[in-house]
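The model shown is predicted, which means the values in this text are computed figures rather than measured ones. Throughout, protein chains are lettered first and strands after them, A, B, ... in sequence-line order, and every chain is numbered starting at 1.
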Protein chains: 2
Amino acid sequence: MPKFKLDETDHKILDLLIDNTRIPFTDIAKKLEISAGTIHVRVKKMEEAGIITGSSLQVDYKKLGYAFIAYVGVFIFKTSQTQFVLERISEIPFVTVAHVTTGKFNIFCKIRARDTAHAKDVIYQIDDIEGVSRTETMISMEESINDKKRLLHSIFKEI
Amino acid sequence: MPKFKLDETDHKILDLLIDNTRIPFTDIAKKLEISAGTIHVRVKKMEEAGIITGSSLQVDYKKLGYAFIAYVGVFIFKTSQTQFVLERISEIPFVTVAHVTTGKFNIFCKIRARDTAHAKDVIYQIDDIEGVSRTETMISMEESINDKKRLLHSIFKEI
DNA sequence: GGTGAAAGCACCGAGTT
DNA sequence: AACTCGGTGCTTTCACC
């Protein structure tokens with residue numbers, strides 16, 4: 001893997017864009033005291049290198065009536081069925097992420113739902129998949145940080 | 001909580017913006033066959049209503065050398081210490097999310113690291129927090145979907 | 001790799017229906 | 001609510017350093 005080399009200026013650009021993709025390049029240019037054209041070229045390069053893969057809107061799902069978050073650990077009868085089950089789980093609406101994991105569970109996923117009744121429906125769909133022996137649910141009662149900016153800072157301190 | 005009412009047009013706008021925040025409003029306008037000014041007004045309203053809370057850049061952390069993802073379940077001696085431990089965990093670099101949960105664990109978090117050695121450092125920092133009795137780590141070996149667009153579609157089908 | 005200017009667009013508020 | 005329109009400001013390219 002040919003690692004793309006980012007310099008201090010790229011770090012600063014990413015830092016400004018990471019939690020506000022709509023900040024004008026002219027504003028970034030003023031802050032970094034370089035020209036807007038340069039910002040444009042550098043961002044484009046980072047996109048081409050695959051460092052920047054896209055942008056996404058942050059939506060408040062609570063406001064849409066979807067305040068419920070849970071993590072579901074999935075046990076599978078035979079590990080050879082893992083891939084099959086992973087694909088089925090990934091197709092279920094309201095499952096937002098799924099991982100094959102080492103440790104307690106074979107598969108581990110996150111769900112977002114309206115309420116407990118709705119979550120139950122989703123979990124039952126997981127339980128119903130062929131090859132799943134049982135599931136274990138952890139309901140999120142409080143979410144703390146979820147800060148991309150901080151992660152990026154930690155990474156930039158190291159590289 | 002006064003729920004904000006989104007109509008079909010708002011759905012379509014969010015659908016286009018959710019995975020491309022830099023799409024010009026004029027492009028959205030063309031696709032939906034309404035004026036760009038209207039797109040502008042509607043987006044602003046959704047921002048004011050707190051439905052849209054911001055935007056973020058998607059960065060490929062693998063390309064930056066941070067390919068390791070694990071989930072860590074945390075056991076705490078006394079549940080009264082939960083809040084304290086949650087705050088300490090949230091301060092640790094490379095912990096990306098933390099939840100207070102029901103079920104097996106008291107706290108549940110996600111970490112992003114360079115490799116296993118680096119992850120070990122992070123997990124030891126969690127273990128060292130006063131009040132933590134032990135942790136259980138699940139290493140992600142494969143991540144499947146993580147698709148905001150799909151979640152949004154599922155929600156729009158219901159509301 | 002950076003600049004600065006110019007052309008082309010997009011944004012966004014005001015006024016209108 | 002939605003439209004049009006115009007001033008302002010942003011993006012993007014390019015010749016030049």
Phosphate OP1/OP2 of [N] contacted by [X] side-chain N/O (<4.0 Å):
X	N	result
B:Lys44	C:dC11	no
A:Ser35	C:dG2	no
A:Thr38	C:dG1	no
B:His40	C:dC11	no

Nearest whole Å is fine: how far is [N] [atom2] from [X] [atom1]?
X	N	atom1	atom2	answer
A:Ile39	C:dG4	CD1	C1'	14 Å
B:Glu8	D:dA1	CD	P	16 Å
A:Lys30	D:dT11	NZ	C1'	14 Å
A:Leu6	C:dG1	CG	P	13 Å
B:Arg42	C:dC11	CZ	P	17 Å
B:Asn20	C:dA10	CG	P	13 Å
B:Phe25	D:dA2	CZ	C1'	16 Å
A:Ile28	D:dG9	CD1	P	18 Å

Notebook entry, point to check: So which one's nearest nucleotide on DNA chain D is more toward 5', B:Asp7 or A:Gly37?
Noted result: B:Asp7

Next item on the list: Mind telling me whether B:Phe108 and A:Phe108 have parallel, tilted or perpendicular rings, with 30° and 60° as the class edges?
Entry: tilted

Notebook entry, point to check: Once the angle between the rings of A:Phe105 and A:Phe75 is folded into 0 to 90°, is it parallel (under 30°), tilted (30 to 60°) or perpendicular (over 60°)?
Noted result: perpendicular

Next item on the list: Salt-bridge test for A:Glu158 and B:Arg114: reply yes if a basic N is under 4.0 Å from a carboxylate O, no otherwise.
Entry: yes

Item checked: Polar side-chain atom of A:Asp10 near backbone of A:Asp7 as donor-acceptor pair, under 3.5 Å -> yes

